[in-house]
Asks: 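This is the structure I have questions about; it appears just below.
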Amino acid sequence: MDLNPAQYDAVNTLSGPLLVLAGAGTGKTRVVTYRIAELIRNRIRPDRILAVTFTNKAADEMQQRAAALLGKRPKVRPEMSTFHSLCVRILRRHIQQLGYPSAFAIYDRGDQEGVARSVLREIKGGDALLRPGDLLYLIGRWKTAAVRPEQAAALAETDKEHLGAAAYRRYQNALKAAGSLDFDDLLLCTEELLTQFPKVRRAEADRFDHLLVDEYQDTNGSQYRIVQSLAADHRNLCVVGDDDQSIYGWRGAEVAHILRFKNDWPEAKVVRLEVNYRSTREILAWSNRLIAFNKLRHVKTLRATCSGESPRVRQLKDEIEEAKFVVADLADRIARHRRRPKDFAILCRTNEQPRSFEMELRRANIPYVLMGGMSFYDRKEIRDVLAYLKLLANPADEVSLLRIINVPARGIGQTTVKTLLDAAIHAGKPMWELLPKVREVPGLTATAVQAVERFRTMIERFRRQMKEQSPLQVVKTLIRDVSYKDELTRLYSEADEQEARWASVEEVVNAVAGYSHRATDPTLAGFLQEVALTANEAEDDKESKLERNAVALMTLHAAKGLEFPEVYMVGMEEGTLPHHRSVADAGASVDEERRLCYVGVTRAQRRLTLTLALERRKWGKSRPTHPSRFLYELTGQADNPNYQRVQHGQKPQRR
DNA sequence: GACTCGAGTCCCGCC
DNA sequence: GACTCGAGTC
């Protein structure tokens with residue numbers, strides 16, 4: 001094994017708590033995977049090892065590396081998953097204890113908005129004071145701080161927060177009534193099960209003898225406590241992290257967790273990795289200069305092992321020119337420097353930035369993979385089909401019911417829906433349970449009653465089919481029987497668009513087929529849970545296999561833990577990086593943006609290019625921009641008067 | 001009840 | 001720019 005002494009130490013500390021404080025590019029993942037291999041070599045059963053990561057991408061990456069290291073031999077593999085999928089598995093086994101069905105649905109952002117909207121409407125004047133987005137923001141903040149609905153009122157100060165607290169209670173009740181959890185609930189409910197039910201905790205802790213957590217600096221409160229509960233008995237806990245790369249503060253991550261590790265596990269061994277194998281001396285010099293501007297950090301001395309060319313900064317007219325420059329540069333590297341598409345990454349701050357790059361890459365015929373962003377599952381037609389499936393899996397799922405009750409139009413209009421909804425609220429039951437007695441609901445026309453009954457009969461029929469047929473068959477029949485294809489032709493006049501949208505509907509069918517193939521006991525609920533957890537990678541399945549060799553186009557958040565020979569960091573402007581929302585709230589937010597920039601810069605192995613556009617289109621309007629303050633910090637120009645100017649939103653001046 | 005049109009809003013990041 | 005929502009019309 002070609003490991004340096006510190007790495008070797010970390011790899012071979014096989015039992016007891018271990019903290020690996022590792023800077024960027026020091027071989028963290030290598031240590032984790034080698035350690036797993038070493039455990040197996042020491043006769044630890046692979047399926048007794050659990051490795052937890054934050055993103056699916058990171059889990060895949062680790063799985064691949066481990067497979068390469070272990071060979072194809074072991075039939076049983078160590079379990080590698082994200083926190084969220086780990087929670088889903090635990091919840092499937094025990095969530096009945098909390099009064100939820102084991103086939104619970106996972107609500108994504110769109111579903112959450114649906115619940116938030118109806119909850120606010122129920123409260124008098126609620127929808128005037130708070131918008132669904134504002135409410136979800138408040139709820140998100142409370143949930144990441146593990147504040148329960150009944151505690152929120154005491155913490156509320158403003159009118160909006162008081163209303164929010166009341167709405168939070170209703171929101172939570174609505175979710176529970178629908179047998180659904182949002183992403184935060186996955187963590188919170190798992191935490192509750194593990195801390196309130198000793199039997200559950202013991203059963204889950206007993207499943208593994210070794211627990212490894214990557215990117216430990218990004219654990220939030222719930223994740224922290226879940227880790228504590230699972231490792232408390234065997235104490236074979238290995239965590240790996242870097243405080244300079246903590247970029248999930250906005251969802252409750254606390255660097256304190258990694259700093260506190262030695263207190264939590266007094267017998268813990270601490271290993272520091274400080275030799276950077278990834279980047280050139282030149283790239284490292286830039287990143288070290290940058291991160292030194294953060295005051296609250298563990299000072300590390302990262303040493304480089306090779307040198308190369310100096311990073312570059314390029315300034316372009318607008319985001320179109322920026323994309324043209326990057327793609328032309330990259331095409332030239334492929335043509336004349338024998339680079340392959342997969343050697344490149346284009347990293348950006350927000351999900352809207354990739355658009356112009358996608359266009360250019362397509363024009364230049366260079367394969368690329370887009371990670372994240374407007375997900376496949378955010379498209380209207382996909383959401384419609386999935387809403388049908390969710391309703392079949394769980395008729396109490398009111399968000400889905402309301403979404404498709406009249407899609408395609410079947411004569412159940414707004415008035416009818418509102419009447420039904422009022423009656424359901426009055427009766428204190430989910431709307432679905434009211435439908436068999438729709439004749440008794442006052443105020444409905446005879447045609448409306450008929451339409452509702454036809455709808456209910458149809459759904460019931462599919463639910464019966466579900467018991468006899470495979471999910472795949474049911475999905476196919478369903479799409480045909482509701483004439484969804486006709487709906488698309490009706491809705492969209494262009495033949496191209498009709499086809500594209502129909503193609504994505506077929507993609508869902510393929511996804512169900514793929515899932516049925518993989519799963520041991522395929523169910524509709526299982527498929528939907530998987531979809532919720534891997535929403536962004538749906539197309540990846542198909543594409544990454546076809547085009548493994550592709551330029552990676554992704555956000556900085558998605559890039560964490562990855563590395564590329566050549567990196568383009570684009571949109572290096574005030575307002576984009578640092579993002580204007582972070583600049584607006586004072587204090588530590590900009591530090592997190594700086595860490596984000598640091599993460600980006602340290603992804604590059606050999607060649608780094610930073611670009612900025614002098615004007616950028618946003619919401620249809622083009623606006624002038626200013627260079628990011630981080631450019632001055634990276635290049636050691638903090639004494640440049642323009643550095644002060646851009647920080648205050650002023651135009652830099654030529655000298 | 002379905003359809004059309006214009007106004008208003010949205011978006012930071014991940015699972 | 002793209003999407004959603006409500007008002008107004010058929």
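Just so it is clear, the structure is predicted and the values come from calculations on it, not from any experiment. Sequence lines set the chain letters: A, B, ... in the order given, protein chains first and strands last, and positions in each chain run from 1.
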Asks: Taking the nucleotide of DNA chain B with the closest heavy atom to each, which residue, A/H84 or A/G413, is nearer the 5' end?
Replies: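 Result of the comparison: A/G413.
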Asks: Give a yes-or-no answer on whether the side chains of A/Q223 and A/D218 include a donor-acceptor pair shorter than 3.5 Å.
Replies: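 Result is no, nothing qualifies.
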Asks: Could you state the atom-to-atom distance from CD of A/E319 to P of C/dG1 in whole Å?
Replies: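 About 11 Å, once rounded to whole Å.
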Asks: Give a yes/no verdict on base stacking between B/dG13 and A/Y248: centres under 5.5 Å, planes within less than 30° of parallel.
Replies: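 Base of B/dG13: not stacked against A/Y248.
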Asks: Using atom types as modelled and distance alone, determine if a side-chain donor or acceptor of A/E360 lies under 3.5 Å from a backbone N or O of A/K324.
Replies: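 Side chain of A/E360 to backbone of A/K324: no pair is present.
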Asks: Determine the contact category for A/F83: base if any of its heavy atoms lies under 4.0 Å from a base atom, sugar-phosphate if only primed atoms, P, OP1 or OP2 are that close, otherwise nothing.
Replies: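 Nothing: the residue A/F83, judged by heavy atoms under 4.0 Å, touches no strand.
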Asks: If you check the A/R581 side chain, which of B/dC15, B/dC12, B/dC14 turns out closest?
Replies: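 Given the options B/dC15, B/dC12, B/dC14, the side chain of A/R581 is closest to B/dC12.
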Asks: Side-chain N or O of A/R131 versus OP1/OP2 of B/dC10: is the shortest distance under 4.0 Å?
Replies: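 Looking at the OP1 and OP2 atoms of B/dC10, one of them is under 4.0 Å from a side-chain N or O of A/R131.
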Asks: Whole-Å distance between B/dC14 P and A/M554 CE?
Replies: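 Between P of B/dC14 and CE of A/M554: 11 Å.
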Asks: Look at A/H557 and B/dC12 and indicate whether a side-chain polar atom (N or O) is within less than 4.0 Å of OP1 or OP2.
Replies: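 For B/dC12, neither OP1 nor OP2 has a side-chain N or O of A/H557 closer than 4.0 Å.
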Asks: C/dC3 P sits how many Å from A/R383 CZ, rounded?
Replies: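 Roughly 13 Å, once rounded to whole Å.
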Asks: If only side-chain N and O atoms count, and only distance matters, is there a donor-acceptor pair under 3.5 Å linking A/Y171 with A/D182?
Replies: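 Result is yes, a qualifying pair exists.
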Asks: Whether A/T82 contacts B/dC14 is assessed here as follows: a side-chain N or O lying under 4.0 Å from the phosphate OP1 or OP2. Is that the case?
Replies: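 Checking B/dC14 against A/T82, no side-chain N or O comes under 4.0 Å of OP1 or OP2.
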Asks: What is the distance, to the nearest angstrom, from the CD atom on A/E215 to the P atom on B/dC14?
Replies: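 Nearest whole value for this atom pair: 15 Å.
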Asks: Has A/N406 got a side-chain N or O lying under 4.0 Å from the OP1 or OP2 atom of B/dG1?
Replies: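 Looking at the OP1 and OP2 atoms of B/dG1, neither is under 4.0 Å from any side-chain N or O of A/N406.
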Asks: On the nucleotide B/dC12, are OP1 or OP2 found under 4.0 Å from the side-chain N or O atoms that A/S582 carries?
Replies: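 Checking A/S582 against B/dC12: no side-chain N or O falls below 4.0 Å of OP1 or OP2.
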Asks: So, do A/H579 and B/dC12 meet the stacking rule of ring centres under 5.5 Å and planes under 30°?
Replies: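 According to the criterion (under 5.5 Å, under 30°), yes, A/H579 stacks.
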Asks: Taking atom P of C/dG1 as reference, at what distance in whole Å does atom CD of A/E358 sit?
Replies: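 Rounded to the whole Å, the gap is 18 Å.
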Asks: Rounded off to whole Å, could you give me the CD-to-C1' distance for the A/E113 and C/dC5 pair?
Replies: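 To the nearest whole Å, that distance equals 13 Å.
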Asks: Of the listed nucleotides (B/dC14, B/dC15, C/dC5), which one gets closest to any side-chain atom of A/R117?
Replies: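 Nearest nucleotide to the side chain: C/dC5.
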Asks: Please give, in whole Å, the distance from B/dG8 P to A/K621 NZ?
Replies: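 Value for this atom pair: 13 Å.
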Asks: Considering every strand and a 4.0 Å limit on heavy-atom distances, what is the contact class for A/T576: base, sugar-phosphate, or nothing?
Replies: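 Touches nothing.
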Asks: Let me spell it out: for each of A/E593 and A/A409, pick the nucleotide of DNA chain B with the closest heavy atom. Which residue's pick is nearer the 5' end?
Replies: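 Comparing both residues, the 5'-ward one is A/A409.
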Asks: State, with a plain yes or no, whether a side-chain heavy atom of A/R410 is found less than 4.5 Å away from one of A/R454.
Replies: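 With C-beta onward as the side chain, the pair stays apart.
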Asks: Pick out which of A/H257, A/E192, A/E191 makes a side-chain hydrogen bond (donor to acceptor under 3.5 Å, both in side chains) with A/R225.
Replies: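 In the set A/H257, A/E192, A/E191, the residue that makes a side-chain hydrogen bond (donor to acceptor under 3.5 Å, both in side chains) with A/R225 is A/E191.
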Asks: By the 4.0 Å heavy-atom rule, please label A/D184 as base, sugar-phosphate, or nothing.
Replies: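 The answer is nothing, as A/D184 stays clear of every strand by at least 4.0 Å.
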Asks: I want to check one thing: is the phosphate of B/dC14, taken as OP1 and OP2, less than 4.0 Å away from some side-chain N or O of A/N220?
Replies: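 Checking A/N220 against B/dC14: no side-chain N or O falls below 4.0 Å of OP1 or OP2.
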Asks: Under 4.0 Å between a side-chain N/O of A/R109 and OP1 or OP2 of B/dC14, yes or no?
Replies: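 For B/dC14, OP1/OP2 do not have a side-chain N/O of A/R109 under 4.0 Å.
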Asks: Of the nucleotides B/dG1, B/dG13, B/dC15, which has the atom closest to the A/T416 side chain?
Replies: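 The closest nucleotide is B/dG1.
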Asks: Is the CZ atom of A/R93 crowded by more than 12 outside heavy atoms at less than 6.0 Å?
Replies: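 Buried by this count: over 12 neighbours within 6.0 Å.
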Asks: How close or far is atom P of B/dC15 from atom CG of A/N351, stated in whole angstroms?
Replies: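 Whole-Å distance recorded here is 10 Å.
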Asks: Look at all strands and tell whether A/T415 reaches a base, only sugar-phosphate, or nothing, counting heavy atoms closer than 4.0 Å.
Replies: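 Sugar-phosphate only.
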Asks: How is A/R490 classified with respect to the nucleic acid when contacts are heavy atoms under 4.0 Å: base, sugar-phosphate, or nothing?
Replies: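 The residue A/R490 makes sugar-phosphate contact but no base contact.
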Asks: Of the options A/K176, A/R148, A/K143, which is the one that meets A/D185 in a salt bridge (charged side-chain N to carboxylate O under 4.0 Å, His left out)?
Replies: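 Among the candidates, only A/K143 passes.
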